[in-house]
Q: 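Can you keep this structure in mind? I'll have questions shortly.
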Amino acid sequence: MKLRTTLSTIAALALAVSLAACGDDGDDGAAAADGGAITIEMGDMYFEPDSITVPAGEVIEVELDNVGASEHDLVLDDGTDTGTVPPGESTTVEIGPFDESTTGWCSVPGHQSSGMELDINVE
């Protein structure tokens, strides 16, 4: 009987640890531009974070790190286009200033429709 109780306790602890590791860490995929600079990872059909917050009227320096298997870029409504970034490479661009929130996307065919978008929120 003690063995069954001990095994049940171990199983419950293992489950608790597993759930804690998979739980919400408070990161909703959004990041704030700190000091006018932010790093964004470009992977296979995603930007990470997928949402950034920028101060109204400020130009922000963005480092785009392509960790995916194909080339990616970032295009904005205002005409900003980073050009394609090959896999394993990075580029740094300045974006803004912004007066209103907007969305950026990867213009490689099929990437935006697969969800490769970046929300830019202005505060």
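Side chains are part of it too, since the values below use all heavy atoms of this structure and drop only hydrogens, waters and symmetry mates. Computed from a prediction, not measured in an experiment: that's the story for all the values here. Counting begins at 1 with the first residue of the sequence.
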Q: With heavy-atom distances below 4.5 Å as the criterion, would you say the side chains of Tyr46 and Glu41 are in contact?
A: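 Of all side-chain heavy-atom pairs linking Glu41 with Tyr46, at least one is under 4.5 Å.
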
Q: What are the two closest non-hydrogen atoms of Asn66 and Glu71, and how far apart are they?
A: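 Heavy-atom minimum between the residues: ND2-CA, 3.7 Å.
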
Q: For Gly43 and Val67, which heavy atoms make the closest approach, and how far apart are they?
A: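 Closest approach of Gly43 to Val67: CA-CG2, 4.0 Å.
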
Q: Would the distance check show the side chain of Thr92 and the main-chain N or O of Glu63 forming a donor-acceptor pair, the cut-off being under 3.5 Å?
A: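 Not at all, since once roles are kept as given, no pair shorter than 3.5 Å links the two residues.
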
Q: Determine, step by step, whether Met45 and Cys106 satisfy the side chain to side chain contact (heavy atoms under 4.5 Å, CB included) criterion, reporting the C-alpha distance in whole Å, the side-chain angles of both residues, the deciding distance to 0.1 Å, and the verdict.
A: CA-CA 9 Å; Met45 305 310 143; Cys106 180; over 6 Å; no

Q: Within a strict 4.5 Å, meaning less than it, do heavy atoms of the His72 and Pro87 side chains meet?
A: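 His72 does not reach Pro87 side chain to side chain.
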
Q: Within this structure, what is the OG1-CD distance for the pair Thr39 and Glu48, rounded to the nearest 0.5 Å?
A: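 Going from OG1 on Thr39 over to CD on Glu48, the span is 12.0 Å.
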
Q: Please say yes or no: joined through hydrophobic side-chain contacts below 4.5 Å, possibly via intermediate residues, are Leu118 and Val75 part of one cluster?
A: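 No, separate clusters.
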
Q: Between Phe47 and Leu74, which heavy-atom pair has the shortest distance, and what is it?
A: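 Phe47 and Leu74 have their closest heavy atoms at CZ-CD1, 3.9 Å.
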
Q: Going by heavy atoms in the side chains, are Met116 and Met42 under 4.5 Å from each other?
A: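 They are in contact (side-chain heavy atoms under 4.5 Å apart), so the answer is yes.
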
Q: Can you check whether Val85 reaches Ser90 side chain to side chain, under 4.5 Å on heavy atoms?
A: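 No, too far: nothing below the 4.5 Å cut-off.
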
Q: Evaluate the side-chain proximity of Glu123 to Val54: yes if any heavy-atom separation is below 4.5 Å, no if none is.
A: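 In short, these two side chains do not touch, never coming nearer than 4.5 Å.
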
Q: What residue among Asp65, Asp50, Val62 forms side-chain contact (heavy atoms from CB on, under 4.5 Å) with Ile40?
A: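 Only one option passes, and that is Val62.
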
Q: Shortest non-hydrogen contact from Trp105 to Leu76?
A: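 Scanning both residues completely, I find the closest heavy atoms to be CH2-C, 3.9 Å.
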
Q: Quick one: do the Ser51 and Asn121 side chains pair a donor with an acceptor below 3.5 Å?
A: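 Indeed, the side chains of Ser51 and Asn121 share at least one donor-acceptor pair under 3.5 Å.
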
Q: So, Thr82 versus Asp73: side-chain donor-acceptor pair below 3.5 Å or not?
A: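 The answer is no; no qualifying pair exists.
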
Q: Indicate yes or no: at least one non-hydrogen side-chain atom of Pro55 is less than 4.5 angstrom from one of Ile60.
A: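 A side-chain contact under 4.5 Å exists here.
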
Q: So Ile95 and Val59, side chain to side chain contact (heavy atoms under 4.5 Å, CB included) or not? Walk me through it.
A: CA-CA 6 Å; Ile95 62 172; Val59 173; over 6 Å; no

Q: If we only count heavy atoms from C-beta on, is the Ile120 to Thr103 side-chain gap below 4.5 Å?
A: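 Side-chain contact under 4.5 Å: no.
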
